[in-house]
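One structure is given below, encoded as structure tokens.
Position 1 is the first residue of the sequence, and the numbers go up from there.
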Amino acid sequence: MAKILIIEDEAAIRRVLKKIISEENDTYEVEEAEDGLAGAELIAKNDYDLVLCDIKMPKMDGVEVLEKVKKIKPEIPMVMISGHGDLDTAVNTMRLGAFDYISKPPDLNRLLNTVRNALDRKELVVENKRLKKKVSKNYEMIGNSDAISHIKEIIEKVAATDARVLITGPNGTGKELVAHWLHEKSERANAPMIEVNCAAIPSELIESELFGHVKGSFTGANKDRAGKFEAANKGTIFLDEIGDMSLSAQAKVLRALQESRVSRVGSDKDIKVDVRVLAATNKDLKKEIEEGRFREDLYHRLAVILIKVPALNDRRDDIPLLVEHFSNKIATEQGMPSKSFSKGALKLLKEYDWTGNIRELRNVVERLIILGEKEVSENDVKLFASK
């Protein structure tokens with residue numbers, strides 16, 4: 001059921017609008033406000049799917065109402081009602097974020113089409129927010145340790161910028177979670193985040209993967225193909241395991257960072273790209289630089305902000321929270337009830353040497369959920385979580 005508010009100081013026009021909208025769909029719940037101030041108060045207290053708002057009103061005009069709504073509830077579509085002399089103002093309200101405007105006296109078809117389109121738009125906005133929350137939950141960083149709290153603080157400061165970030169840490173610590181949080185909290189969140197595992201791509205193909213190629217540039221290049229940098233335009237590219245990238249590919253990445261341009265393999269044509277680069281590695285890049293396997297100039301381009309993700313052994317106090325999180329997630333995935341863990345079981349898990357870090361802990365929790373008792377005991381951990 002859509003909830004619609006009409007803000008109009010002329011009672012006759014309010015009645016006409018309400019009658020037209022209510023007769024169009026009897027599931028619409030239509031409320032009225034006699035001036036801008038009363039309307040703004042109702043919007044602050046209630047959730048509406050659509051607001052139709054006159055421009056010239058006493059106490060608070062429609063432009064003021066629009067500006068207030070965009071601050072407190074920007075997802076509500078606002079349709080402005082304009083008199084003959086208000087058309088310039090009505091057009092200006094579109095720049096301020098109004099969904100549309102209709103003129104007095106309202107044309108029946110125009111009004112109903114605008115109402116339908118505005119409600120469809122609101123539904124899409126709500127659905128997108130729901131999906132975005134779902135994605136964000138998949139990449140949630142669990143833990144209250146000082147190390148994790150520090151990483152979250154850095155993300156809050158850095159995410160809104162376009163600063164390049166180098167994420168370091170052992171395998172299995174969740175470096176990709178940091179990258180996803182940086183992207184999702186950035187101004188680029190509505191654009192793509194393209195992930196490239198540099199260690200999984202053969203060295204002879206990495207340049208084609210990143211920058212694309214033109215037909216005939218090498219054996220198997222049967223058609224032109226865009227690379228990951230082009231795919232990530234206006235968004236973020238995450239170069240995971242960048243320490244495994246070939247020196248020739250590193251040189252091209254450096255140029256892309258310096259000039260915001262790439263060229264496909266086999267082409268002399270430059271393609272402009274607007275991409276934020278995040279990178280991650282489990283290697284000591286300074287040591288790699290000393291041994292000639294990594295370019296020092298690329299390192300300094302990438303490491304504008306450094307985030308070090310700690311090993312699980314360095315944040316053992318987070319293990320109970322991680323166990324609970326994985327237990328609930330795995331139980332949902334497996335279609336079985338979640339299990340609690342006894343104090344003895346958690347104590348034993350905190351004492352383990354987690355060489356595989358978070359990834360290993362998740363696997364152990366899954367094993368214990370499947371094989372352990374209703375409450376996972378210390379004995380279950382000894383039986384099923386052994387190294």
For the CG atom of N171 and the OG1 atom of T281, what is their distance to the nearest 0.5 Å? 9.0 Å

How would you list, by chain and number, every residue that makes a side chain to side chain contact (heavy atoms under 4.5 Å, CB included) with P320, sequence neighbours excluded? L346, K350

For A159 against K185, the heavy-atom pair lying closest together: CB-CB, 3.6 Å

About how many Å separate CG of L17 and CD1 of I102, when rounded to the nearest 0.5 Å? 6.0 Å

Lys/Arg N to Asp/Glu carboxylate O, K56 vs D9, below 4.0 Å: no

Crowding at NZ, K308 (>12 non-hydrogen neighbours, <6.0 Å): no

Assess whether a salt bridge exists between E10 and R15, defined as any Lys/Arg side-chain N lying under 4.0 Å from an Asp/Glu carboxylate O. no

Measure the spacing between CD of E32 and CG of L52 and express it to the nearest 0.5 Å. 11.5 Å

Applying the 4.5 Å side-chain criterion to the ILVMFWY set and letting contacts propagate, would I81 and I7 be lumped into a single cluster? no

Do the side chains of Y48 and I21 join up, straight or via other hydrophobic residues, at under 4.5 Å, putting them in one cluster? no

Working to the nearest 0.5 angstrom, can you tell me the gap between F294 CZ and D244 CG? 10.0 Å

By the rule that ILVMFWY residues connect when side-chain heavy atoms come within less than 4.5 angstrom, directly or transitively, which residues belong alongside F218? V265

Non-hydrogen atoms of A98 and M80 that approach each other most closely: CB-CG, 3.8 Å

I'd like to know whether E34 forms a salt bridge (charged side-chain N to carboxylate O under 4.0 Å, His left out) with R14, so could you lay out the CA-CA distance, the side-chain angles of the two residues, the decisive distance to 0.1 Å, and finally the verdict. CA-CA 8 Å; E34 60 187 13; R14 282 204 312 272; 5.1 Å; no

When every non-hydrogen atom of F99 is compared with those of P77, the smallest separation belongs to CB-CB, 4.1 Å

Under a single-linkage definition using a 4.5 Å side-chain heavy-atom cutoff for Ile, Leu, Val, Met, Phe, Trp and Tyr, are I13 and V65 assigned to the same hydrophobic cluster? no

I'd like to know if K234 and D274 make a salt bridge, using a cut-off of under 4.0 Å between side-chain N and carboxylate O. yes

How many angstroms lie between CD in Q334 and NZ in K329, if you round to the nearest 0.5 Å? 12.0 Å

NZ/NE/NH1/NH2 to OD/OE distance under 4.0 Å, K152 and E156: no

Would you indicate whether the side-chain heavy atoms of L348 and E351 approach each other to under 4.5 Å? yes

Pairs satisfying salt bridge (Lys or Arg N to Asp or Glu O under 4.0 Å), at least one member in residues 370-379, at least two apart: E378-K382

Is there a path of hydrophobic side-chain contacts, each under 4.5 Å between heavy atoms of I/L/V/M/F/W/Y residues, joining M94 to L50? no

Lys/Arg N to Asp/Glu carboxylate O, E333 vs R362, below 4.0 Å: yes

Give the intermediate values and the outcome of side chain to side chain contact (heavy atoms under 4.5 Å, CB included) for residues L166 and L285. CA-CA 10 Å; L166 178 61; L285 289 189; 3.9 Å; yes

Under the side chain to side chain contact (heavy atoms under 4.5 Å, CB included) criterion, do Y352 and V381 qualify, and how do the steps go? CA-CA 10 Å; Y352 267 49; V381 174; 3.8 Å; yes

Any Lys/Arg nitrogen of K68 or E64 sitting under 4.0 Å from an Asp/Glu carboxylate oxygen of the other? no

Go through it in stages, so that I can follow the logic: the residues are K286 and E290, the test is salt bridge (charged side-chain N to carboxylate O under 4.0 Å, His left out), and I'd like the CA-CA distance, side-chain angles, deciding distance and then a yes or no. CA-CA 6 Å; K286 290 188 176 179; E290 289 174 6; over 6 Å; no

Where at least one partner belongs to residues 105-115, residue pairs that pass salt bridge (Lys or Arg N to Asp or Glu O under 4.0 Å), sequence neighbours excluded: D100-R110

State, yes or no, whether a side-chain contact exists between E241 and N282 at a heavy-atom distance under 4.5 Å. yes

Could you pull out the closest heavy-atom pair between A163 and I305, with the gap in Å? CB-CG1, 4.1 Å

Less than 4.0 Å between a side-chain N and a carboxylate O, is that true for E23 and K19? yes

Mind checking what makes ring-ring contact (aromatic ring centres under 6.0 Å, His included) contact with Y101, not counting sequence neighbours? none

Closest approach of E140 to W181 (non-hydrogen atoms, all atoms of both residues): CA-NE1, 3.7 Å

Write down the atom of K339, the atom of G372, and the distance for their closest heavy-atom approach. NZ-O, 2.6 Å

Just how far is it from atom CD1 of I155 to atom OG of S186, taken to the nearest 0.5 Å? 11.5 Å

Answer yes or no: is there an ion pair linking E8 with K104, defined by an N-O contact shorter than 4.0 Å? yes

Heavy atoms, side chains only, cut-off 4.5 Å: are F384 and V376 in contact? no

Would V79 and I4 show up in the same hydrophobic cluster when neighbours are defined by side-chain heavy atoms closer than 4.5 Å? yes

Under the side chain to side chain contact (heavy atoms under 4.5 Å, CB included) test, residues paired with V277 that sit two or more places apart: R164, F229, I237, L239, L257, V275, L302

Without swapping roles, check the side chain of Q250 against the backbone of R293 for a donor-acceptor pair under 3.5 Å. yes

Assess the side chains of N379 and S377: does a donor N or O sit below 3.5 Å from an acceptor N or O? no

